> 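What follows is a structure written as structure tokens; I'll ask about it next.
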2 protein chains.
Amino acid sequence: MTLADVARLAGVHPATASRALNQVDGSGLVSPATVARVTAAANRLGYRPNPVARSLRTRRSHTVGVVIPDLANPLFPPVIRGIEDRLAEGGYVALLANTDDDPARERQLLERMRERHVDGLVLATVRRGTPEPAGPGEEDLPVVLVNRVAEDRALPAVAADDVSGIRLAVAHLVSLGHRRIGHVAGPQDLSTGAGRLRGFRLGMAEQGLEVGPTDVVVAERYQVAEGLRCARQLLAQRPRVTAIVAANDMLALGCYRALAEAGLACPQDCSVVGFNDMPFVDQLSPPLTSVRFDHYAMGREAAQLILERLATPGCPTKVVYLPPELVVRASTGPAPRGGLGAGGGGGRRRAD
Amino acid sequence: MTLADVARLAGVHPATASRALNQVDGSGLVSPATVARVTAAANRLGYRPNPVARSLRTRRSHTVGVVIPDLANPLFPPVIRGIEDRLAEGGYVALLANTDDDPARERQLLERMRERHVDGLVLATVRRGTPEPAGPGEEDLPVVLVNRVAEDRALPAVAADDVSGIRLAVAHLVSLGHRRIGHVAGPQDLSTGAGRLRGFRLGMAEQGLEVGPTDVVVAERYQVAEGLRCARQLLAQRPRVTAIVAANDMLALGCYRALAEAGLACPQDCSVVGFNDMPFVDQLSPPLTSVRFDHYAMGREAAQLILERLATPGCPTKVVYLPPELVVRASTGPAPRGGLGAGGGGGRRRAD
DNA sequence: GGCGCGGGTGCAGACGATTGCGGAAGACTG
DNA sequence: CAGTCTTCCGCAATCGTCTGCACCCGCGCC
């Protein structure tokens with residue numbers, strides 16, 4: 001079942017059959033009658049072009065490398081699905097790779113992808129300070145960033161609007177009467193961690209609140225254990241916080257634990273807000289208030305961008321920000337009376 | 001950078017270079033001296049064979065199709081990672097596809113995979129009653145099943161030992177004093193659903209307990225909403241159950257909701273056991289007791305099996321069962337006094 | 001010394017599709 | 001009616017690698 005068979009059945013040369021089948025219709029390289037004959041023959045035979053042979057000749061594999069830190073992070077599956085679905089519509093397939101946040105492993109995986117002749121890359125792994133996100137020699141391969149953006153916006157990217165998202169969270173807490181709000185920040189070498197910290201400072205400023213040096217603790221990784229460590233520290237150095245904005249749901253989980261350790265109830269004693277609205281955070285106890293954005297859409301958009309670059313290599317680099325929204329659940333509640341809130345007068349003071 | 005360049009540098013014919021590089025060393029087609037010269041040249045040039053050209057010639061793509069219902073199901077990411085890691089060790093890559101449990105979509109995806117000339121398939125989507133798991137004409141492609149097994153064990157597969165796992169759960173509940181135990185069963189057209197129901201009956205029999213017709217409700221899908229529906233029904237038709245064995249963690253989540261609706265506390269009024277020990281079920285409230293098995297290992301083992309079949313096509317079909325273990329958390333507790341348990345005498349009867 | 005044998009290489013033809021080039025018609029103009 | 005242009009199609013090369021076949025050469029044996 002090759003092109004030659006189709007050509008024979010249609011009574012034309014294989015070259016003509018090829019042109020007939022690949023014709024963007026109308027551009028007169030092949031007569032309409034011939035196109036009809038060939039496509040009819042192809043249909044009758046159920047002909048499917050051999051992508052391997054095609055790739056060899058055209059040097060395009062119709063394959064895109066997708067590099068993420070870890071598939072087991074619940075944030076990524078919906079993103080991957082979005083990428084794959086959109087790529088499939090464009091006739092491409094995704095090649096997945098997990099780096100486990102290990103730069104050495106990442107380099108090795110990118111090398112493998114180059115060997116496989118991927119046509120482009122979608123990277124969810126860039127860090128600030130590694131200016132060549134795709135490694136040396138990648139300049140020819142189209143690259144799109146997802147979830148994280150490049151420091152200088154020099155690369156096309158799709159990500160949530162971290163700053164706005166955190167501002168929503170802060171505004172929500174303030175509207176509940178909170179004034180002493182802490183931030184468990186994400187790793188500052190990631191655009192998300194840095195952006196969300198910026199969003200926190202900005203949001204607080206907008207509400208007329210100051211951010212002191214003890215109001216922020218920076219996590220080294222987006223992990224529950226780090227969230228626990230940071231929240232402990234925050235509670236220690238800032239005992240009267242009534243709310244914590246976590247840079248990420250994982251960190252928020254760590255905050256839950258730290259509060260439980262300290263014998264504080266959430267949200268009665270201290271509210272917590274997360275970011276990402278991962279699957280199942282609505283099943284936690286208490287269900288987590290979190291900043292949501294559409295993960296699947298982020299994936300689709302990233303795929304869209306890489307498809308555009310594949311189609312027209314020189315096109316301008318776009319950076320797309322997805323609008324976040326706050327999903328209010330039970331982990332946030334009114335500020336406890338007795339906090340330093342300007343909301344009400346005195347009231348009962350907590351015992352601690 | 002092609003084989004011809006290497007050959008030129010080594011002063012041999014490309015054909016010889018090819019043989020030298022592909023030689024399983026020792027089988028004397030090429031002299032050792034030549035092999036040394038060629039490999040040296042290849043290293044010096046950093047030569048990497050073009051997998052596309054190689055595939056075209058050898059008709060092997062070094063690619064394995066991995067078909068799952070839905071990547072967003074937390075069970076699968078670790079499995080996928082196991083598959084990908086083991087495949088990578090064998091020089092293969094995985095091509096992922098999600099069927100969303102839609103047979104039509106599955107057929108279409110399998111067709112795409114055939115077009116892409118995958119060398120084998122790992123399927124997590126087989127249902128009982130579809131004897132041709134991979135569709136017609138798949139007889140030539142090696143297939144391995146994962147998570148679910150074929151009805152007649154005719155296909156190699158890797159899965160948890162569903163029967164043993166559920167028996168562990170039942171034994172645990174009985175040891176806590178439970179006697180009236182219900183089962184929210186999984187879809188019976190899936191081997192997991194059927195196996196776990198069988199395990200439930202067997203486990204109950206082993207404990208000398210009978211399973212009446214109202215003790216089991218069968219879910220149509222592994223979804224929280226279905227779990228809710230079934231648990232509601234179970235509570236209605238069997239009001240005095242003190243424990244529910246769910247065929248799956250999703251269904252267990254539904255049970256949580258049904259209990260909450262009914263004003264019952266877990267585990268004080270009714271214990272719940274899940275299956276799979278999905279990520280984050282330890283963060284639920286209460287943390288879920290669940291039957292665990294090693295998801296990553298399951299993936300690795302499936303990849304191992306497909307690699308074996310790829311290496312020696314005729315090898316006997318193995319079916320591997322992974323040993324399950326019970327992870328006891330806070331969703332299971334002593335049977336409430338006043339149940340029909342044989343454990344103690346009368347005691348306080350619950351008000352309902 | 002001639003012949004046979006076998007290990008090691010070179011030659012060239014696939015694999016299946018794409019594409020520059022040129023040629024053969026048909027259309028159209030002067 | 002001749003010449004030019006357009007349209008459509010066939011020819012053959014090409015992508016990079018593998019592999020059946022033939023060849024060459026050296027060695028051993030009769």
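What you see is a predicted model, and the numbers here were worked out from it, not measured in a lab. So that the names make sense, note that chain A is the first sequence line, chain B the second, and so on, each numbered from 1.
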> For A:L21 and C:dA17, what is the distance between atoms CG and P respectively, to the nearest whole Å?
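Atom-to-atom, A:L21 to C:dA17, this comes out as 10 Å.
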
> Looking at A:T58, does any N or O in its side chain come under 4.0 Å of the phosphate oxygens OP1/OP2 on C:dT18?
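Looking at the OP1 and OP2 atoms of C:dT18, neither is under 4.0 Å from any side-chain N or O of A:T58.
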
> Under a 3.5 Å cutoff, is there a donor and acceptor pairing between the side chains of B:N73 and B:Y222?
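Distance-only check fails for B:N73 and B:Y222.
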
> For the side chain of B:A15, starting at C-beta, report the closest nucleotide among D:dC11, C:dC11, D:dC8.
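Out of D:dC11, C:dC11, D:dC8, the nucleotide with an atom closest to B:A15's side chain is C:dC11.
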
> Taking 4.0 Å as the cut-off, does a side-chain nitrogen or oxygen of B:T2 come that near to OP1 or OP2 on D:dC15?
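No.
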
> Counting any heavy atom closer than 4.0 Å, what does B:L56 reach on the DNA or RNA strands: base, sugar-phosphate only, or nothing?
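Contact class for B:L56: base.
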
> Do you see a donor-acceptor pair shorter than 3.5 Å between the side chains of B:Y296 and B:R86?
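On atom types as modelled, these side chains do not qualify, holding no pair under 3.5 Å.
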
> What's the angle between the local helix axes at either end of the helix from C:dG1-D:dC30 to C:dG30-D:dC1, using five pairs per end and rounding to 10 degrees?
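One end's axis against the other's: 60°.
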
> Please tell me which of the listed nucleotides, D:dT17, D:dA13, D:dC9, lies nearest to the side chain of A:T34?
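Closest nucleotide to the A:T34 side chain: D:dC9.
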
> Checking B:D189 against B:R221 for the salt bridge (Lys or Arg N to Asp or Glu O under 4.0 Å) test, could you report, in this order, the C-alpha distance in whole Å, the side-chain angles of both residues, the deciding distance, and whether it holds?
CA-CA 10 Å; B:D189 59 341; B:R221 313 196 63 172; over 6 Å; no

> Determine: side-chain N/O of B:Y47 to OP1/OP2 of D:dT17, distance under 4.0 Å, yes or no.
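Yes, within the criterion.
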
> OP1 or OP2 of D:dG10 versus the side-chain N and O atoms of A:T16: is any pair under 4.0 Å?
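A:T16 to D:dG10 OP1/OP2: side-chain N or O found under 4.0 Å.
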
> State whether the number of non-hydrogen atoms from other residues, nucleotides or ligands found under 6.0 Å of A:R112 atom CZ is greater than 12.
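No, the 6.0 Å shell around CZ holds no more than 12 heavy atoms from other groups.
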
> By nearest atom, which of the nucleotides C:dG8, C:dG16, D:dG10 is closest to the A:R19 side chain?
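The closest nucleotide is D:dG10.
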
> Counting any heavy atom closer than 4.0 Å, what does B:P49 reach on the DNA or RNA strands: base, sugar-phosphate only, or nothing?
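B:P49: backbone/sugar contact only, no base atoms under 4.0 Å.
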
> If the cut-off is 4.0 Å, is B:S18 near the phosphate of D:dT19, judged by side-chain N/O to OP1 or OP2?
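Answer no for this pair, as no side-chain N or O of B:S18 is under 4.0 Å from OP1 or OP2.
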
> Calculate the interatomic distance between B:L45 atom CG and D:dG16 atom C1'; express it in whole Å.
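Spelled out: CG on B:L45 to C1' on D:dG16 is 15 Å.
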
> Once rounded to the nearest 0.5 Å, what's the spacing between atom CD1 of B:I68 and atom CG of B:N98?
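It comes to 4.5 Å.
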
> Can you check whether A:R57 has a side-chain N or O nearer than 4.0 Å to OP1 or OP2 of D:dT14?
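So the side-chain polar atoms of A:R57 never come under 4.0 Å of the phosphate oxygens OP1 or OP2 of D:dT14.
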
> Do the side-chain N or O atoms of A:N22 get closer than 4.0 angstrom to the phosphate oxygens (OP1, OP2) of C:dT18?
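Affirmative; the distance criterion is met.
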
> Short question: side chain of A:S18, backbone of A:T16 - any donor-acceptor pair under 3.5 Å?
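Side chain of A:S18 to backbone of A:T16: no pair is present.
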
> So, taking the atom named CG in A:L155 and the one named CZ in A:R309, what distance separates them when rounded to the nearest 0.5 Å?
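Spacing of CG (A:L155) from CZ (A:R309) equals 8.0 Å.
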
> Using the side-chain heavy atoms of B:R59, tell me which of these nucleotides is nearest: C:dC15, C:dC11, C:dT9.
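Ranking C:dC15, C:dC11, C:dT9 by closest atom to the B:R59 side chain puts C:dC15 first.
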
